[in-house]
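Labels below follow one simple rule: chain letters A, B, ... track the order of the sequence lines, proteins then strands, and each chain is numbered from 1.
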2 protein chains.
Amino acid sequence: MDRMNSDAKSTPTEDDSPSCLGGDHEHHPVKIDDSACERAAAIFRALGDPQRLRLLIMLEARSYCVSELAQSLAEPLPAISQRLRILKSERVVRSRREGKHVFYSLADGHISRLVTNGVMHAMEDT
Amino acid sequence: MDRMNSDAKSTPTEDDSPSCLGGDHEHHPVKIDDSACERAAAIFRALGDPQRLRLLIMLEARSYCVSELAQSLAEPLPAISQRLRILKSERVVRSRREGKHVFYSLADGHISRLVTNGVMHAMEDT
DNA sequence: TAAACAGTTGCAAGATTGAGCAAGTGTACG
DNA sequence: CGTACACTTGCTCAATCTTGCAACTGTTTA
């Protein structure tokens, strides 16, 4: 009953390529910078965590120091600091020191828009 | 020794207060839906992989079938299928069958905008 | 100077994930 | 009917990431 489909090894067909539409395809390898692609993915990845995203949502309103964030979210301070560190390493947020407090804010409006768009889309989606 | 830091910056709160959370931080802990937050994070997370992002960038132009994507990116078909599966599970892409081919496309314009914004930001890279 | 507060970082345990191979499902066509 | 093609999915392995506690740096105040 079983048909061992031992057709061949990999080599995803390179000769005929009669694939989808019968050969009307022009496969352009996409001229997007690899680095830009990776960078964008890194940013998305930084945003891809509920905990970090919540941090960013708060920071959309204004700057907060770590203590405030930790208190508002009712989470241990080191955890918050660590998340902020990740976000900062991707240049999603910026930090400035004021006395013995460190205030964090979104890096720029671009990030803000990204966050807003994502959340809005998530809300619309059923 | 006693006085050295003459920052002279207007502290956000009275410097008399021991900390920034002296008690006037009674503002609401962000009224963003938890579900929306998680959902948004899930979407960002789906976009947060260079391989998947590349797929999405291609799909921004038009629909592609799995074979075509695998060929264009020179990667094994199961790998592509797997990535598409993840993207589909987050409703980032949609699939439609046509004969023995399965065509994938971006779920909606919102996603497209999200991808574009992210890549553009990555290119600018402040 | 020492103590207290604000944040950061190191290290190990735990969970989640992505890749690769192989086998399974399903469709078209001889 | 059965084969070839297109795609999916189980499976395991390895890499990655998050967290939690504790220790450390740095700043302000007594």
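In this structure, B:Arg54 places its CZ atom 17 Å from P of C:dG18, rounding to the nearest Å. When rounded to the nearest whole Å, the span between CG of A:Leu84 and P of D:dT19 equals 12 Å. One can place CZ of A:Phe103 at 12 Å from P of C:dT8, the figure rounded to the nearest angstrom. Rounded to an integer number of Å, the gap from CG of B:Leu69 to P of D:dA6 is 14 Å. In this entry the distance linking CG of B:Leu87 with C1' of D:dT8 reads 15 Å, nearest Å. One interatomic measurement links the two molecules: CD1 of A:Ile86 to P of D:dT16, which rounds to 15 Å at whole-angstrom precision. If you take CZ of B:Arg85 and P of C:dT17, they are 12 Å apart, rounded to a whole angstrom. Rounded to whole Å, atom P of C:dA22 lies 15 Å from atom CG of B:Leu77.
Surrounding CZ of A:Arg96 are more than 12 heavy atoms belonging to other residues, nucleotides or ligands, all under 6.0 Å away.
Using a 4.0 Å cut-off, no side-chain N or O of A:Arg97 falls inside it from OP1 or OP2 of C:dA6. The phosphate of D:dT8 has OP1 or OP2 within less than 4.0 Å of a side-chain N or O from B:Tyr104. In this structure, B:Arg45 reaches the C:dT17 phosphate: one of its side-chain N or O atoms is under 4.0 Å from OP1 or OP2.
Relative to the side chain of B:Lys100, the nucleotides D:dA22, C:dG18, D:dA6 differ in distance, and D:dA6 lies closest. Each of D:dG20, D:dC21, C:dG20 was ranked by its minimum atom distance to the side chain of A:Pro78; first place goes to D:dC21. When the nucleotides C:dT8, D:dT8, C:dG20 are ranked by their closest atom to the side chain of A:Ser81, C:dT8 comes out on top. Of the candidate nucleotides C:dT8, C:dA6, C:dG18, C:dA6 has the atom lying nearest to any side-chain atom of A:His101. Comparing C:dG18, C:dT8, D:dT8 by their nearest atom to the side chain of B:Arg52 picks out C:dG18. In this structure, of C:dT9, D:dT9, C:dG18, it is C:dT9 that holds the atom nearest to the side chain of A:Gln82.
B:Arg45 and B:Glu90 are not joined by a salt bridge, as no carboxylate oxygen comes within less than 4.0 angstrom of a charged side-chain nitrogen. The pair B:Glu60-B:Arg113 does not count as a salt bridge, with every side-chain nitrogen at least 4.0 angstrom from each carboxylate oxygen. Using a 4.0 Å cut-off between a side-chain N of Lys or Arg and a carboxylate O of Asp or Glu, A:Asp34 and B:Arg54 qualify as a salt bridge.
Among the heavy atoms of the strands lying under 4.0 Å from A:Gln51 are primed sugar atoms or P, OP1, OP2 only; no base atom is included. At the heavy-atom level, B:Ile80 lies nowhere under 4.0 Å from the strands shown.
Between B:Phe44 and A:Phe44, the ring-plane angle classifies as parallel under the 30° and 60° cut-offs.
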